[in-house]
Structure formats: structure tokens, C-alpha cells
Amino acid sequence: DIICIAGNHDLTFQPDHYVKCWRNFHVRPLDDARARRGMSNCIYLEDEGCTLKDITVYGSPWQPEFYDWAFNLPRKDIHEVWSRIPA
């Protein structure tokens with residue numbers, strides 16, 4: 001089994017942000033739904049967890065704000081999102 005978690009370079013996985021910034025990264029806009037459909041051979045986690053072979057993994061793409069990359073949140077807000085990650 002493969003577990004995937006988006007990160008700050010995975011702009012198409014955050015469509016509301018991607019529509020505002022795609023010109024900074026791509027020649028033409030990419031289809032975010034197609035990108036997600038392409039992940040059919042893995043388990044994609046976005047603010048959720050899963051258990052495989054008695055190992056629990058929680059995936060969250062959020063990071064402190066850094067330029068106009070994906071999954072950025074202001075530092076004042078990031079701790080609220082991170083507090084949802086189970087211990």
C-alpha cells in the first residue's frame with residue numbers, strides 16, 4: 001500500500017488557491033480533478049488518518065505561510081489546524 005500526502009508544491013490539490021496562482025507556476029492551468037483521479041493507486045490523506053498493518057498514519061498538508069505555495073496558513077492560524085492531529 002502507498003500513502004500519499006500533498007505538500008506545498010502540490011498546488012493542484014488545493015483548487016481554491018490554485019485558481020489564483022497557477023500563472024506563477026504553469027503555462028496553462030492544470031485540471032485538479034484529473035490530478036486527484038490519477039492518485040487511484042494509493043491512499044491519499046488530507047487532514048485524515050488511516051491504519052495499515054497496525055500502523056496509524058495521519059496526513060495533513062498544511063504548513064506555515066511561505067510565499068504563494070499550496071496549503072499555507074498564517075502562523076497565527078496554523079496551530080489550530082495542527083491541534084486536530086491525533087497524538
Side-chain angles (χ1 to χ4, degrees):
D1 294 310
I2 299 170
I3 297 174
C4 294
I5 304 162
N8 64 332
H9 288 247
D10 299 309
L11 297 158
T12 56
F13 280 74
Q14 191 184 16
D16 57 327
H17 177 66
Y18 185 64
V19 297
K20 295 182 259 180
C21 72
W22 69 266
R23 286 175 183 82
N24 298 335
F25 301 95
H26 302 125
V27 176
R28 64 183 188 292
L30 302 177
D31 182 348
D32 60 280
R34 183 177 178 199
R36 286 179 183 258
R37 282 193 309 272
M39 303 283 287
S40 62
N41 66 335
C42 65
I43 299 166
Y44 174 66
L45 300 178
E46 186 172 313
D47 297 318
E48 60 188 320
C50 73
T51 302
L52 294 171
K53 301 178 184 174
D54 297 325
I55 298 173
T56 300
V57 176
Y58 187 88
S60 180
W62 300 100
Q63 68 167 21
E65 206 165 28
F66 183 74
Y67 295 105
D68 60 351
W69 293 101
F71 298 104
N72 284 329
L73 286 174
R75 288 187 183 275
K76 66 180 181 62
D77 300 328
I78 195 79
H79 295 290
E80 190 276 323
V81 172
W82 286 347
S83 71
R84 295 184 218 144
I85 299 171

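Predicted, not measured: the structure shown is a model, and the values here were computed from it.
With rounding to the nearest 0.5 Å, the separation of CZ in F71 from CG in D47 is 8.5 Å. A distance of 5.0 Å separates CD1 of I85 from OG of S60, quoted to the nearest 0.5 Å. Between the CH2 atom of W62 and the CG atom of L73 there is a distance of 5.0 Å, given to the nearest 0.5 Å. A distance of 11.0 Å separates CG of D32 from CG of L11, quoted to the nearest 0.5 Å. Interatomic distance, D1 CG to I55 CD1, rounded to the nearest 0.5 Å: 11.0 Å. Between atom CE of residue M39 and atom CZ of residue R34 there is a gap of 14.5 Å, rounded to the nearest 0.5 Å.
The shortest heavy-atom contact between C4 and C42 is SG-SG, 3.4 Å. In terms of heavy atoms, F66 sits closest to W69 at O-CD1, 3.1 Å. The shortest non-hydrogen separation linking N72 to D68 is ND2-C, 4.0 Å.
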Q. Stepwise, does the side chain to side chain contact (heavy atoms under 4.5 Å, CB included) test hold for V57 with L52?
A. CA-CA 8 Å; V57 176; L52 294 171; over 6 Å; no
Q: Start with the C-alpha distance between D77 and E65, add both sets of side-chain angles, then the distance that settles side chain to side chain contact (heavy atoms under 4.5 Å, CB included), and finish with yes or no.
A: CA-CA 10 Å; D77 300 328; E65 206 165 28; over 6 Å; no
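Within the structure, every pair that satisfies the side chain to side chain donor-acceptor pair (under 3.5 Å) test and touches residues 14-23, not counting sequence neighbours, is listed here: Y18-H26.
Judged by distance alone, the side chain of D10 and the main-chain N or O of F13 form no donor-acceptor pair under 3.5 Å.
Looking at Y67 and N8, their side chains never come closer than 4.5 Å, going by heavy atoms from C-beta outward. A heavy-atom distance below 4.5 Å is found between the side chains of W82 and P64.
Salt bridge E80/K76: absent, no basic N to carboxylate O contact under 4.0 Å.
When the salt bridge (charged side-chain N to carboxylate O under 4.0 Å, His left out) test is applied to E46, the partners found at least two apart in sequence or on another chain are R36.
I5 and I78 fall into different hydrophobic clusters, defined by Ile, Leu, Val, Met, Phe, Trp and Tyr side-chain heavy atoms under 4.5 Å apart, directly or through other members.
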